[in-house]
There are 2 protein chains.
Amino acid sequence: MKNAPDKRERLTDAAAVLIHRQGFAHTTLADIAVASNVALGSVYYYFKTKDDVAKAILNRRQSEISQTLEEIDQLPDSRKRLEALVNIWVSDRDIDARYGCPIGSLCYELAKGRGPLSSEASEPFRTLLAWCEKQFRLLGKSKQKAAAFALHMVASLQGISLIANALGEPDTILSEAKFLSDWLRNV
Amino acid sequence: MKNAPDKRERLTDAAAVLIHRQGFAHTTLADIAVASNVALGSVYYYFKTKDDVAKAILNRRQSEISQTLEEIDQLPDSRKRLEALVNIWVSDRDIDARYGCPIGSLCYELAKGRGPLSSEASEPFRTLLAWCEKQFRLLGKSKQKAAAFALHMVASLQGISLIANALGEPDTILSEAKFLSDWLRNV
DNA sequence: GTCTATATGGAGATAGAC
DNA sequence: GTCTATCTCCATATAGAC
């Protein structure tokens, strides 16, 4: 029976924040336990291993993206929808400059020295790419063009997060967002 | 006196390769020592701490970039020079898809849970950005435009390395390179 | 300068009472 | 389900002979 059915959620919440800020390697299960007001030993009731925590976060990110894209899908114009995606990066520029993109930085870290975690890690990107591709298709682009444009879009956003983080300059995200918006208007 | 004046170089060589493949966190000094045919204890004669190894690699990357850009600078046309930069990513697409960009992935990892290592980490990017900006200036762009274009260029290359790595698909780099080359022709 | 041996601390994971 | 206490491993770093 579950007296605290949301405890796994709370743990995942805390883990997502801490791991975004400190990275997966530097975040201990003790850190997560403390931040969640849970005893260290209890963590293992909800997660068999530390890698399982990473999986939970990845799934969480996947859900967040799907939900965000659904909201954006309410906009009537696909060009506006793509711009809305760019504007998310604008809104998050301070936190992204400090800690990197929550998805990109985690995927990059988890990809190292590790075998089978790639599927979970690639899923958020596949979702994002498929959605962008659809928008470009709606703008009349060929399947090939749409795929290339989607790739360019997501790569630019991921890349600028990395650069902004390396330089510690949120304004670089502003600059790139402006560039992408201009591009979208003429595409 | 140094009987093996290049031993520090050998250690840095091995460390650069191993850390690119396995990440900084998962690469032990013992790994590096073995790969260099050096006793573990001897590593500390050349590097005070593990972080010092990271610094050495960052400096190494910085040198590599400077050298590469100098070579590219031999080309007579700045548009061709920018394309040459893109083509480096094409050449390295298999290794980048497997392990990520040697610079970007390392910077992203080192940025987490760490204070003063940022200066070394940002230097390669500053060099790359300044060089690209110069090329766009030579193409007649305003200072502002040139800076924005340089940012877009480097972000795209970094981002596509991350995506290619997450998806395990080198061909995405090919696609993005084609996109950037087209863009450069019309810019 | 180079080595072997070892100290030290930290983090993942488990045991078992409640 | 939740806790405290603890096991165990492993990686950084040091000591000190050669």
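These numbers come from a predicted model, not from an experiment. Just the heavy atoms: all of them, side chains too, but no hydrogens, waters or symmetry mates, feed the values below.
Counting non-hydrogen atoms under 4.0 angstrom, B:T28 reaches the backbone sugars and phosphates but no base.
Under a cutoff of 6.0 Å and an axis angle of 45°, A:K112 and A:F24 do not form a cation-pi pair.
When each of B:S42 and A:K48 is assigned the nucleotide of DNA chain C bearing its nearest heavy atom, the one mapping closer to the 5' terminus is B:S42.
B:Y44 places its OH atom 16 Å from the P atom of C:dA7, with the value rounded to the nearest Å. Put simply, CG on A:N37 is 13 Å from C1' on D:dT2, counting in whole angstrom units. Distance A:K50 NZ to C:dG12 P: 4 Å, rounded to the nearest Å. One can place CD of B:Q22 at 15 Å from P of D:dC10, the figure rounded to the nearest angstrom. For the pair B:R8 CZ and C:dT2 P, the interatomic distance rounds to 13 Å; values are reported in whole Å. Going from atom CG of A:D31 over to atom P of C:dG10 covers 12 Å, rounded to whole Å. The distance between atom CZ of B:F47 and atom C1' of D:dT14, rounded to the nearest whole Å, is 18 Å. Put simply, CG on B:L40 is 11 Å from P on C:dC3, counting in whole angstrom units.
The side-chain contact (heavy atoms from CB on, under 4.5 Å) with B:K55 is formed by just one residue from the set B:I57, B:D52, B:L58; it is B:D52.
Legend: residues meeting side-chain hydrogen bond (donor to acceptor under 3.5 Å, both in side chains) with A:E64, ordered by chain and number and at least two apart, are A:R61.
Listed nucleotides D:dT12, D:dC3, C:dC3 differ in distance to B:L29; the shortest reach to its side chain belongs to D:dT12. For A:Y46, the listed nucleotide lying nearest its side chain is D:dT2; candidates were D:dT2, C:dC3, C:dT2.
Annotation: A:F149 is in aromatic contact with A:W183 [ring centroid separation under 6.0 Å].
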